[in-house]
Amino acid sequence: MDREEYVEAVLVAVESIPPGRVATYGDIAEYVGQGGPRQVGAVMREYGGAVGWWRVIRASGIPADEVVDQQIQLLRGDGVRVTNGKVNLREVRWNPEEQ
DNA sequence: ATCCTGACGACGC
DNA sequence: CGCGTCGCCAGGA
């Protein structure tokens with residue numbers, strides 16, 4: 001799998017996250033089966049604009065520093081509760097299986 | 001090959 | 001809950 005295919009795979013995975021749910025960088029990496037959380041982050045930085053990048057969040061439930069404000073707004077737009085700058089993953093974490 | 005860097009994550013304190 | 005440390009995986013210099 002070359003880099004371009006990898007990027008595609010990641011973007012497809014991100015697009016499959018339903019509004020109202022979120023996935024962590026690690027979740028996407030695991031789903032794609034290649035690379036790690038940092039690679040997913042790199043793809044978001046570069047091509048996130050093409051998909052629902054704001055539905056990808058850190059495992060801590062706190063958005064990446066670079067985009068924290070906008071990500072919170074967009075998530076709220078999806079109906080996701082954000083308390084004290086943090087998302088409760090236990091209730092909105094995306095589960096690829098239950099698709 | 002080597003070093004540095006990073007939209008990350010698990011762990012220990 | 002906040003922090004520092006270390007592991008991880010690639011890309012670019």
Side-chain angles (χ1 to χ4, degrees):
Chain A
M1 172 179 266
D2 60 31
R3 183 162 164 68
E4 185 176 344
E5 294 176 313
Y6 179 70
V7 169
E8 265 317 298
V10 169
L11 296 181
V12 167
V14 173
E15 284 193 296
S16 66
I17 306 170
R21 311 295 297 286
V22 305
T24 69
Y25 293 93
D27 288 342
I28 300 301
E30 187 180 351
Y31 181 81
V32 171
Q34 284 293 306
R38 309 187 87 122
Q39 280 58 242
V40 173
V43 172
M44 287 301 99
R45 185 183 61 203
E46 202 167 357
Y47 309 98
V51 295
W53 62 269
W54 62 92
R55 304 196 176 112
V56 183
I57 197 170
R58 283 185 184 147
S60 59
I62 300 172
D65 305 335
E66 293 84 344
V67 293
V68 56
D69 290 331
Q70 190 172 26
Q71 183 155 22
I72 289 177
Q73 300 322 308
L74 290 167
L75 283 173
R76 286 194 162 129
D78 275 355
V80 174
R81 280 203 322 249
V82 184
T83 311
N84 296 318
K86 185 175 59 177
V87 170
N88 185 333
L89 291 176
R90 294 205 289 195
E91 71 178 340
V92 297
R93 193 172 195 167
W94 174 55
N95 180 326
E97 311 314 315
E98 69 177 87
Q99 208 38 221

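Just the heavy atoms: all of them, side chains too, but no hydrogens, waters or symmetry mates, feed the values below. Each chain gets a letter, A, B and so on, in the order the sequences are listed, and its residues count up from 1.
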Which whole-number value in Å describes the distance from A/R58 CZ to B/dA10 P?
-> 13 Å
Closest approach of A/A9 to A/M1 (non-hydrogen atoms, all atoms of both residues) = CB-CE, 4.2 Å
What's the OH-C1' distance between A/Y6 and C/dA10, to the nearest Å?
-> 9 Å
For A/R21, does its backbone N or O pair with a side-chain atom of A/R55 as donor and acceptor, under 3.5 Å?
-> no
May I ask which nucleotide in the shown strands pairs with B/dA7, Watson-Crick or G-U wobble, both distances under 3.5 Å?
-> none
Roughly how far apart, to the nearest Å, are B/dC11 and C/dC9 at atom P?
-> 15 Å
Exactly one candidate in A/I72, A/V80, A/D78 meets side chain to side chain contact (heavy atoms under 4.5 Å, CB included) with A/R76; the answer is A/I72
Tell me what A/R45 touches on the nucleic acid: a base, only sugar-phosphate, or nothing, going by heavy atoms under 4.0 Å.
-> base
From the options B/dC8, B/dG6, B/dA7, select the nucleotide whose nearest atom is closest to the side chain of A/P37.
-> B/dC8
Under 4.5 Å between side-chain heavy atoms, hopping through other hydrophobics if needed: is there a path connecting A/V22 to A/V12?
-> no
How far, in whole Å, is C/dC8 from B/dG12 if one measures between their P atoms?
-> 15 Å
Residues in residues 60-89 of chain A with a heavy atom under 4.0 Å of DNA chain B, by number, are A/A64, A/E66, A/V67
Of all the heavy-atom pairs spanning A/W54 and A/Q71, show the shortest one and how long it is.
-> O-NE2, 2.8 Å
Whole-Å distance separating the CG atom of A/D27 from the P atom of B/dC8 | 14 Å
To the nearest Å, how far apart are A/R38 CZ and C/dA10 C1'?
-> 10 Å
How long is the line joining CE of A/M1 and C1' of C/dA10, in whole Å?
-> 15 Å
Expressed in angstrom and rounded to an integer, what is the separation of A/I57 atom CD1 from B/dA7 atom C1'?
-> 11 Å
What's the CH2-P distance between A/W53 and B/dC8, to the nearest Å?
-> 12 Å
Measure across A/A23 and A/W94 and return the closest heavy-atom pair with its distance rounded to 0.1 Å.
-> CB-CE3, 3.9 Å
A/E66 bridged to A/R45 by N-O distance under 4.0 Å | no
Nearest of C/dC9, C/dG11, B/dG9 to any side-chain atom of A/R3?
-> C/dG11
Euclidean distance, atom CD of residue A/E30 to atom P of B/dG9 [Å, nearest integer] = 12 Å
